[in-house]
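All remarks here apply to the structure that follows.
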4 protein chains.
Amino acid sequence: MAKNKKKKILEVAAQLFASQGFDNTTTLQIARETRVTEPLLYYHFKGKEEIFTYILAEVFQKYAEHIDELPKNTQTEFDKIANLIRLHSHIAEEHPQNARLILSNCPGKLMQKQHACRDILEKQQQMVSSYIQDCLESGNAKKEFDAHPVEQTALILLCLANEFMRMKIMRKKDSQPDTQGTIEFCRKSLVKS
Amino acid sequence: MAKNKKKKILEVAAQLFASQGFDNTTTLQIARETRVTEPLLYYHFKGKEEIFTYILAEVFQKYAEHIDELPKNTQTEFDKIANLIRLHSHIAEEHPQNARLILSNCPGKLMQKQHACRDILEKQQQMVSSYIQDCLESGNAKKEFDAHPVEQTALILLCLANEFMRMKIMRKKDSQPDTQGTIEFCRKSLVKS
Amino acid sequence: MAKNKKKKILEVAAQLFASQGFDNTTTLQIARETRVTEPLLYYHFKGKEEIFTYILAEVFQKYAEHIDELPKNTQTEFDKIANLIRLHSHIAEEHPQNARLILSNCPGKLMQKQHACRDILEKQQQMVSSYIQDCLESGNAKKEFDAHPVEQTALILLCLANEFMRMKIMRKKDSQPDTQGTIEFCRKSLVKS
Amino acid sequence: MAKNKKKKILEVAAQLFASQGFDNTTTLQIARETRVTEPLLYYHFKGKEEIFTYILAEVFQKYAEHIDELPKNTQTEFDKIANLIRLHSHIAEEHPQNARLILSNCPGKLMQKQHACRDILEKQQQMVSSYIQDCLESGNAKKEFDAHPVEQTALILLCLANEFMRMKIMRKKDSQPDTQGTIEFCRKSLVKS
DNA sequence: CATGAATGAGTATTCATTCAT
DNA sequence: AATGAATGAATACTCATTCAT
């Protein structure tokens, strides 16, 4: 029942942070919706910021696991890019809350040097960048791609993958970008014909 | 001297909203940095929200003008896409503050139905979408492109253009995406070879 | 046009003070509804309090005139009492705004010693008291009444006359006290049968 | 110690509201005189209005109890009227603060339809009206009175009883109306001789 | 683990009033 | 006579956080 409540707090807080943002979510609101009193939040966490950081870490942890679980051996290197876009599509559709947290500009305060949030985000970005760069380099080597320079192309693909997710969660169903269309767009650009 | 202060307030507020976000900017802060007392803000504007809305309207107005001023007759249709990306690059570099405001998720409160902010944003999005769609359709007609379906492709390009701007303002110089590279990426995907 | 605006200010202010009370009426509201700017209020009057005092003086002036105009020679002395009640009824019906101001507990601040409002109110109360006392004394002398002690009876009649006016302006039409009924009630008590 | 402070807040607030009125009493003042910080007011109550409403309800509750405790069986029906006046005299003398609150015109805001204050006041007025009407009807039946129409006469008596209380708290000792005198005044008018 | 009570520091907003013109 | 601009002092209310139990 103890662990239970801590978990519940995190669930509620995550939902509120995702839908209202960090600044517009009060500790009272978190406490009330968890059916708990505020001091309990402070028993389990150091403060509001820690709750947020904790959640962010969790979300990115899951995201990292998803990236890690993407198949290492694919027929073509481009399949890896396609898989990344499909993963973003999946997250946007199945875990829109997490997508919102991943894309949320953390409140400025939490992005200062030395704050845990900053580390989490930077680590995450490097991870995805690596994933894409590795795949581009392999593709280049195999003459599947002709992507130069690799870092730049990786960055562009990351742009696309991110904003693709952003649009999926921000727009109405009928004006969302299409997953397969986005993949094809990238294929045309990347894969040598 | 009168108009002067109103203008000054808007400048200061814009800078603060862009760098700290709406919620983390207090009216006191705006007043202090304008070297003015708080009640003056309320003399010129109805409240904090109106200041924000006013600024947002201004920024989008300028953005709309920029889009409008992009050359209508270009050698190729793709040049129009390239110009859009160059425009985003230009804004990110020369007016990063405006870029931040354009991309900022307005606080939820200001995005509710019937709020002026919502109208501004929606109008803007449709404008850019139209620009891209028109150009894609022309390009398709001229057999320059083979972009189908048009709406989807337009959305993808919008994604890229937006997140491109976002990355330019969020990342350090050395890890920003390159304008020419981004343009080439799109060209490869769009232009029939 | 000058006198005109001063008059207009007083009219608007009187209406607002009567309906909302002194504290809930702002100088801005007075200015706006007079279609004038606030500094003009301060050109014509020393401040909000002076406007109120001025109005109160006017209203009581008119009230005093009404009392003064009540017929001095009546068939019976009781007719004078009846006339006072009828006057209150008349004011409540024809000038409810004035009635409201007469009965309003002036805001505490304005009732401090040495404030003009206090003088006005006290002078007024003494005037009505005198009117009633004179009539009672005459009535006693003529053996029409048997009202003892005169001061006390006068006070009771004043109570009735005032609260009668108060009820007329505060209550819905169907639960207001009836003028003739009130007069008869007093007659039965006062007039020797 | 907890209940203690809530009670203290109410006591202090009641005293301030009674002496200064709702609008001229600030939450800071209430807090300071209670030797408590403002947020505590908001911990115990929803806001200033709720504090006022709460107090008003309490005062009227006590008043209602007093009315209820008035002897049901009296020698004459008129004794009941006399008792009501004596009750008002008692309240004015022993609990002038409550008297002030009872008679205070609640600020307009709090008298809007659907506001708790309105209900409280209306309920109260009907209660006293009933008390007087019942007694008048009984008196008429017993041929003790000849009060017609009952509703009207009841209203007049209510006028007197209220304004009597008002005068007792507003005037200096030497110009207050006399309880016994007021009772006799009513007796002469009501009781058939 | 849990809570009722309490608070320091803010937070947007309002108001009567004044100044320069 | 009239106004646009400006302000000092409040004003109700909120929030993250802590303390005593």
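Letters A, B, ... are given to chains in the order of the sequence lines, protein chains preceding strands, and every chain is numbered from 1.
- Defined by atom type and a distance below 3.5 Å, a donor-acceptor pair is missing between the side-chain atoms of A:Glu11 and A:Gln15.
- Under a cutoff of 6.0 Å and an axis angle of 45°, B:Lys6 and B:Phe45 form a cation-pi pair.
- Geometric assessment of B:Lys48 against the ring of B:Phe22 yields a positive cation-pi assignment under the 6.0 Å and 45° thresholds.
- Distance C:Ile51 CD1 to E:dC15 P: 15 Å, rounded to the nearest Å.
- Taking atom NZ on B:Lys5 and atom C1' on F:dT7, their separation rounds to 10 Å, with Å as the unit.
- Distance CZ (A:Phe45) to C1' (F:dA16): 16 Å, rounded to an integer number of Å.
- Toward the 5' end of DNA chain F, the nearer of the two residues D:Leu28 and C:Thr37, judged by each one's closest nucleotide, is C:Thr37.
- Base pairing analysis places E:dT11 opposite F:dA12; the two distances defining the Watson-Crick or G-U wobble pair are each below 3.5 Å.
- Listed nucleotides E:dT7, F:dC13, E:dT18 differ in distance to D:Pro39; the shortest reach to its side chain belongs to E:dT7.
- Atom OH of D:Tyr42 and atom C1' of F:dA12 are 4 Å apart (whole Å).
- Distance C:Leu40 CG to F:dA2 P: 5 Å, rounded to the nearest Å.
- Nearest-nucleotide mapping onto DNA chain E: of C:Lys46 and B:Gly47, the residue sitting toward the 5' end is B:Gly47.
- The distance from atom CD of B:Gln29 to atom C1' of E:dA12 is 14 Å, rounded to the nearest whole Å.
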So A:Glu58 and A:Lys62, salt bridge (Lys or Arg N to Asp or Glu O under 4.0 Å) or not? Walk me through it.
CA-CA 6 Å; A:Glu58 267 193 345; A:Lys62 265 183 216 155; 5.3 Å; no
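- Dashed line: the shortest gap from a side-chain N or O of D:His44 to OP1 or OP2 of E:dA6 is under 4.0 Å.
- Across all strands shown, F:dA2 is found opposite E:dT21 as a Watson-Crick or G-U wobble partner, with both distances under 3.5 Å.
- One atom, CZ of A:Arg32, and another, C1' of E:dA2, lie 17 Å apart when rounded to the nearest Å.
- The distance from atom CG of D:Leu16 to atom P of F:dT11 is 13 Å, rounded to the nearest whole Å.
- Between B:Thr34 and B:Lys5, every side-chain heavy-atom pair lies at or beyond the 4.5 Å cut-off.
- When each of D:Arg35 and D:Glu38 is assigned the nucleotide of DNA chain E bearing its nearest heavy atom, the one mapping closer to the 5' terminus is D:Arg35.
- Contact annotation: D:Tyr43 reaches the phosphate of E:dA5 (side-chain N/O to OP1 or OP2, under 4.0 Å).
- Side-chain atoms of C:Lys48 lie closest to E:dA16 of the nucleotides E:dT14, E:dG4, E:dA16.
- For B:Thr27, no side-chain nitrogen or oxygen approaches OP1 or OP2 of E:dT11 to under 4.0 Å.
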